[in-house]
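Heads up: the structure comes next, in C-alpha cells.
Residue numbers run from 1 in the order of the sequence given. Start at 1 and go down the list; that is how both ligands and their atoms are numbered. These values consider heavy atoms only, across backbone and side chains, with no hydrogens, waters or symmetry-generated copies.
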Amino acid sequence: MPHNTKYVFVTGGVTSSLGKGIISASLAKLLQSQGYSVTIQKLDPYINVDPGTLNPYEHGECYVTEDGAETDLDLGHYERFLNVYTTQANNVTTGRIYQSVINKERRGEYLGKTVQVIPHITDEIKRRIKLLGTKNKFDVVITEIGGTVGDIESLPYIEAVRQLKWELGPTNSVFIHLTLVPYLSASKELKTKPTQHSVKVMLENGIQPDVLVLRTEHPLTIDVRKKVALFCNVGLEAVVESIDVSTIYEVPLLMQEEKLDEFVLRKLNLPMGKAPELKVWKQFINKLKNPKKHIKIGLIGKYVELPDAYKSITEAIIHAGVSNECKVDLVFIHSEEIVADNIAETLNDLQGILVAPGFGHRGIEGKILAAKYAREQNIPFLGICLGMQCAVIEFARNVLGYKNANSTEMVRSTPYPVIDLMEDQKGVTDKGGTMRLGAYPCRINRSSKAFEAYKTQDILERHRHRFELNNNYVEDLKKHGMIATGINLDTDLVEIVELESHPWFIGVQFHPEYKSTVINPHPLFVAFVKAALSLLK
Ligand code: GLN
C-alpha cells in the first residue's frame, strides 16, 4: 500500500508578515504531539535560486540546514518547534523551479513541446510538493506559500495547489488562509472587509479556503466571527483567532484552544490522537515568563536595524535563558558605531558579548574592538563565524603584536593573514551555494570549555563560510594563550578557539544557533548564558 500523505496548504492574504511560518509550525507541533509525522515546506515566489545570495536586509537571516541548503528563516522556526531536521526539499523558490524546468528543456526532455507556466511550471511545483511527502513517508506535509495572494509572482503556486487539491482527492488536503483583521481605534471596531476581499481573490483563483486564521490585536467578538463565516463561506468552527502574544512559543497553545488541530484532522479524515498535553512546551513557556534573574548580553552586528537578520541567534539565546531560568535582554549594538573612545561606555553593563557572523569589511573594526574588550575585561564572549575570526584578528594584533593582522577577506595584502581563504575556495567564482555549507564534524579537546559545554568530544555543526583560521598561526596563537580546542580532523580546519586564561571566551567557526530548539537548547549557548550569569553581582 503506498503511503497516503495528507497535505495542508497555508496561504496568506491582506499583507505579508502575518506569521504564516509560526502558524504552520504551531499546527505542525500540535499534529506531531498527537503522534503524526509532520514536515513543513516553504515555497518562496522570488527568482533567486535560494536566499543565500540575498542581503539580510532584504530577507532576514539565511538559515542553513544540516544538508547544507541555504534557506528561508521560516525553516528555523520549523526546526525549533518540531525538533526535526529540514532539508533542501523543504524550501523551494521560483528560481529553483524555473532552473529545473529550463535544464530539462535544454536536455530535450519536453520532446518538442512548447514549455509553459501551465502545465510545466505548475507540474514542477506539484512534483516538489508531493515528493517531500512520499519520499519520507510523512503523514502530513504542511506547505506554506510565501507572499500574499493576488501577487503576480505567487499565481503559479496558487494554481498548482488548486490542481493538486483535485488530484489528491477529497479528505487529503486542507487549505488554511491567514489574514488580518485590523482594529480601527477611532471607531473602536474590528474590520472584516480585508479578509472578505482576500477570500474573494482566493475564490477568483479557484480555491475556497477551508479554515480562516485571523490575525488580530484584539479578541474577535462572536459577531465578527459570524460575519467572517457568513461572507467567506465557512462554518463558525473554521474561523480561528490568532491574537498577538508576547512570545511565538505560545502560538501552538492558542491554536489548540481554537481547535485548529481538531478541525484540520477532521477535514483530513485522520483520527484525533490523545489531546496533546505539550507538557515540556508548557514548562518552557512557564519558565520563559517567570525568570528568576535578568542579564544583558550584547549582540554586536552590522544588521542590527533588522533583528530578523539574527533570528536563530535571538531564539537560541531565549532557549538558553530559559534553561538557566533567567531572562536575557539581548542588546543589539551596531558594530559600525563602536570606536575605541566609546567602547567602555557602550559595553560596560553587559554580562556577555556575542560577536555575530557576517560578510565583508563594513563594521569589522567595531567587532574586533568588542572582542578586545571582552578579552581584557574578562567578560564571557561568544564569537560566531566572522565573530570568531574577529577574535583571532584581535588577539594576533594586540597580544602577538602582529600589527595590521587581518582576514584576507578584508585586506587581501595584509602582512599577517591570520584568517585566509580556504584552499578549496580558491578559484571559486560563483557566489550561489558555493561556500562551505552544512554539517561537518569537529573533535573537541577534553580539557576545554567547549567540552564542558558539550560533554562530548565529537560534534556535528553547521557551517557557512569561505575563510578559515590560517593554520600557520595556530602554534603562535597557542603559545600566547589562544588555543584551538576544536578541529575538523579530515582537513585540520580550526573549528573552535578559546582563551586559556579567561573565564569563558569561545570563538566558533560554525553556527551553533541553527541547531538550538525548544526541546534541545544548544549546549554552547546554555554555557555562555551560564557564564554570563556568574558575572551578576
Ligand atoms: N565572511 C566570513 C567567511 O566567509 C564569515 C562568514 C560568516 O560569518 N558566516 O568565512
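Salt bridge annotation for Glu409-Arg466: absent, with no cationic side-chain nitrogen under 4.0 angstrom from a carboxylate oxygen. Between Arg397 and Glu365, at least one side-chain N (NZ, or NE/NH1/NH2) sits under 4.0 Å from a carboxylate O, which counts as a salt bridge.
With sequence neighbours left out, Thr148 forms a side chain to side chain donor-acceptor pair (under 3.5 Å) with no residue at all.
Applying the side chain to side chain contact (heavy atoms under 4.5 Å, CB included) test between Thr86 and each of Thr65, Ile40, Asn91 identifies Thr65 as the sole match.
Protein residues having a heavy atom under 4.0 Å from any atom of ligand 1 are Pro357, Gly358, Phe359, Cys385, Leu386, Gln389, Glu409, Arg464, His465, Arg466, Phe467, His511, listed by chain and number.
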Please step through ring pair (Phe, Tyr, Trp, His ring centres under 6.0 Å) for the pair His480 and Tyr473, ending with a clear verdict.
CA-CA 11 Å; His480 291 82; Tyr473 292 92; over 10 Å; no
Evaluate Arg127 against Glu124 for salt bridge (charged side-chain N to carboxylate O under 4.0 Å, His left out), listing each step before the verdict.
CA-CA 5 Å; Arg127 189 184 71 79; Glu124 180 61 19; 3.0 Å; yes
